[in-house]
Number of protein chains: 2
Amino acid sequence: MNLRDLRYILAIAEHGQFSRAAEACGISQPTLSVQVRKLEEALGVTLFERGGKSVVPTEACDRLLGHVRGAVAEADAILAVARDLRDPLAGRFRLGIIPTLAPYLLPLVFAPLRAALPALEIEPWEDQTLALLERLRTHQLDAALLATEEDGPDLVGEALFEEPFLAALPPEHRLAGREVVAEAELAQDILVLADGHCLRDQALAACGQAGVLGSTLRSASLSTLLNMVAAGYGTTLIPGLAAGAAQDAGLVLRPLSARAGRCIRIVWRAGFPRRAAVEAVGEVIAARLRPFAEGAAAGAV
Amino acid sequence: MNLRDLRYILAIAEHGQFSRAAEACGISQPTLSVQVRKLEEALGVTLFERGGKSVVPTEACDRLLGHVRGAVAEADAILAVARDLRDPLAGRFRLGIIPTLAPYLLPLVFAPLRAALPALEIEPWEDQTLALLERLRTHQLDAALLATEEDGPDLVGEALFEEPFLAALPPEHRLAGREVVAEAELAQDILVLADGHCLRDQALAACGQAGVLGSTLRSASLSTLLNMVAAGYGTTLIPGLAAGAAQDAGLVLRPLSARAGRCIRIVWRAGFPRRAAVEAVGEVIAARLRPFAEGAAAGAV
DNA sequence: GTGACGCATAGATACCGTCTATGGCGGCGG
DNA sequence: CCGCCGCCATAGACGGTATCTATGCGTCAC
């Protein structure tokens with residue numbers, strides 16, 4: 001049994017005539033006759049009583065017509081839904097973002113994303129790198145914005161922008177007067193986030209692997225860390241996009257002499273079929289961040 | 001798009017794996033791969049994300065799965081209903097019967113019909129010949145029991161049994177003493193049914209076309225006619241199966257010298273597909289009536 | 001009676017679903 | 001580290017079948 005045959009039956013029932021029905025189906029009348037007969041034999045039921053003049057549906061046909069209409073309607077629904085889904089730049093897009101990036105990047109890119117990809121419903125998901133990778137691999141995310149390299153051959157990524165680190169100091173700090181701060185100098189009284197934040201490891205690495213020297217703040221956000229620094233508990237190293245928040249907290253920011261920083265990339269499963277959506281999102285974000293990169297380069301000169 | 005493809009999709013969604021799904025569908029794995037890819041291209045939607053290890057349904061696939069299940073379920077329903085309908089000796093069977101036959105034949109044949117064709121739901125429809133022919137032609141009846149010849153090439157019929165006419169007389173009638181009554185003798189004071197009853201025309205014809213001689217009873221049934229005769233208004237000619245009712249009314253019955261009678265036949269549309277049901281019904285009725293015919297022949301000797 | 005209309009049949013053709021054989025890729029164990 | 005195994009994708013061959021055109025037959029109307 002074939003969906004095509006079911007449509008044939010509906011056409012005959014509607015037109016009450018093989019010839020017109022065949023025309024409506026875009027096939028020849030003999031084809032329709034043969035197909036209907038085959039279907040009747042397959043079902044073991046005579047569907048139409050062929051009289052010299054008219055073709056009348058059998059009572060058996062009447063009993064079946066409801067289900068036939070149902071099947072054809074469901075098939076049409078499949079086509080309709082598929083037509084809706086065809087655009088890869090439409091529909092839900094679950095995007096993971098690390099916590100040290102989300103609060104500062106999202107306000108910048110939400111409006112451009114909605115303007116460039118109006119049909120794409122972006123659902124942000126904020127969590128640490130490992131959790132995001134896990135959700136990515138279990139198909140709970142479509143893509144993720146990370147500051148680390150690709151994690152394996154099953155995931156692929158594309159660099160979006162470079163984010164320089166900045167030294168964040170209390171105004172009264174002895175280094176606050178410098179134009180530029182050396183990474184190693186921060187190591188002495190640096191505060192870092194809890195384990196699991198990629199920024200913690202990268203900050204410590206930038207400062208020459210000061211190791212256990214820095215105090216670790218458990219269960220704290222970058223925002224809390226800024227407040228701690230402002231209160232004079234130490235210094236820290238922040239990603240460039242958090243500069244605004246740091247200044248609001250009353251901190252002094254200084255570029256780093258070795259130009260330490262991190263690379264933000266968008267990562268997705270190698271087999272993910274909506275490649276176009278990933279690349280469109282990446283491009284919009286990268287384009288939005290391009291002026292910042294030029295400004296930073298200019299400022300560093 | 002094909003129902004088969006939809007079943008393939010369901011199998012993959014269920015097994016999470018092409019190989020097992022192909023096995024479950026009874027096809028080879030390459031066939032399944034090709035068909036799924038074709039369907040994906042036809043729909044313009046990627047349905048499954050093929051990873052090295054596992055196959056995961058796309059979100060688009062999830063959105064479609066409901067309709068896919070619906071379509072397959074309706075298709076299965078078609079097959080199931082068809083299986084139920086396959087037996088031509090099952091289901092509703094609308095049988096027209098003329099009024100001068102129905103009350104006397106039906107009590108005889110109902111039980112045998114139910115015994116021989118338990119799945120056949122016989123719906124009797126009592127009306128005059130012309131009305132039955134009309135309903136037959138408009139597919140409102142499946143067959144009819146008539147006492148007349150076929151009405152045209154679009155209808156075919158088969159003789160079931162011969163029903164002799166009998167002279168019905170009041171006990172005090174001058175002909176009541178005869179062993180046998182001649183048809184022509186009845187003509188003098190015969191009562192007949194209203195126009196439209198085939199029995200009226202046949203009775204008048206049997207009596208030598210006495211023409212307008214006989215009184216016509218409008219809007220009366222054969223039962224009423226018997227009561228009229230019993231009350232002494234005249235004589236009449238009744239079909240053999242009504243003998244019991246006539247005797248109950250106190251009438252004297254006498255065979256006719258010329259053996260006038262009528263032939264009961266079952267009539268159906270030439271194109272009617274449930275030929276087997278018609279013939280089965282006819283055979284049961286004919287078999288039930290066979291002892292009567294033999295008895296009548298024996299009695300006439 | 002004849003022409004028009006409609007369904008059925010027959011034979012030819014092209015498409016498509018299916019198979020087997022094979023390749024590529026990732027994971028697992030020796 | 002290498003080879004084996006499981007799984008999906010691809011390629012080429014084969015067979016079935018849906019479709020076509022041409023034709024026949026029956027019915028209806030003028």
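Residue numbering restarts at 1 for every chain, and letters A, B, ... go by the order of the sequence lines.
Ranking C:dC19, C:dG17, D:dC8 by closeness to the B:Gln35 side chain, first place goes to C:dG17. In this structure, of D:dA9, D:dT19, C:dT18, it is D:dA9 that holds the atom nearest to the side chain of B:Ser33. For A:Gln29, the listed nucleotide lying nearest its side chain is C:dC7; candidates were C:dC19, C:dG17, C:dC7. Listed nucleotides D:dC8, C:dA10, C:dT18 differ in distance to A:Pro30; the shortest reach to its side chain belongs to C:dA10.
When only modelled atom types and interatomic distance are considered, A:Thr31 and A:Gln35 share no side-chain donor-acceptor pair under 3.5 Å.
Distance, B:Phe18 CZ to D:dT10 P: 11 Å, rounded to whole Å. Regarding B:Gln17, its CD atom lies at a distance of 17 Å from the P atom of C:dG26, rounded to whole Å. For the pair A:Leu32 CG and D:dT21 C1', the interatomic distance rounds to 16 Å; values are reported in whole Å. Taking atom CD1 of residue B:Ile27 and atom P of nucleotide C:dC19, one finds them 6 Å apart after rounding to whole Å. Put simply, CG on A:Leu6 is 13 Å from P on D:dA18, counting in whole angstrom units. For the pair B:Arg7 CZ and C:dG17 C1', the computed distance is 16 Å after rounding to whole Å. To the nearest angstrom, P of C:dC15 lies 18 Å from CG of A:Asn2.
By the 6.0 Å contact criterion, CD on A:Glu279 is enclosed, its count of non-hydrogen atoms from other residues, nucleotides or ligands being greater than 12. Shown here is B:Arg7, whose CZ atom has more than 12 heavy atoms of other residues, nucleotides or ligands within 6.0 Å. Heavy-atom neighbours of B:Arg86 CZ from other residues, nucleotides or ligands within 6.0 Å: above the threshold of 12.
Nearest-nucleotide assignment on DNA chain C puts the 5′-proximal partner with A:Val34, out of B:Arg4 and A:Val34. Both B:Arg20 and B:Arg37 lie near DNA chain D, and the one whose nearest nucleotide falls closer to the 5' end is B:Arg20. Nearer the 5' end of DNA chain D, as judged by each residue's closest nucleotide, is the contact made by A:Ser28, out of A:Ser28 and B:Asp154.
Heavy atoms of A:Ser19 sit under 4.0 angstrom from primed sugar atoms or phosphate atoms, though from no base atom. When heavy atoms are screened at a 4.0 angstrom cut-off, B:Phe48 is found touching no nucleic acid atom at all.
Close to C:dG17, at under 4.0 Å from its OP1 or OP2, lies a side-chain N or O of B:Lys38. The shortest distance between the side-chain N/O atoms of A:Thr31 and the OP1/OP2 oxygens of D:dC20 is below 4.0 Å.
The residues A:Arg269 and A:Asp154 are annotated as not salt-bridged, no charged nitrogen and carboxylate oxygen being separated by less than 4.0 angstrom.
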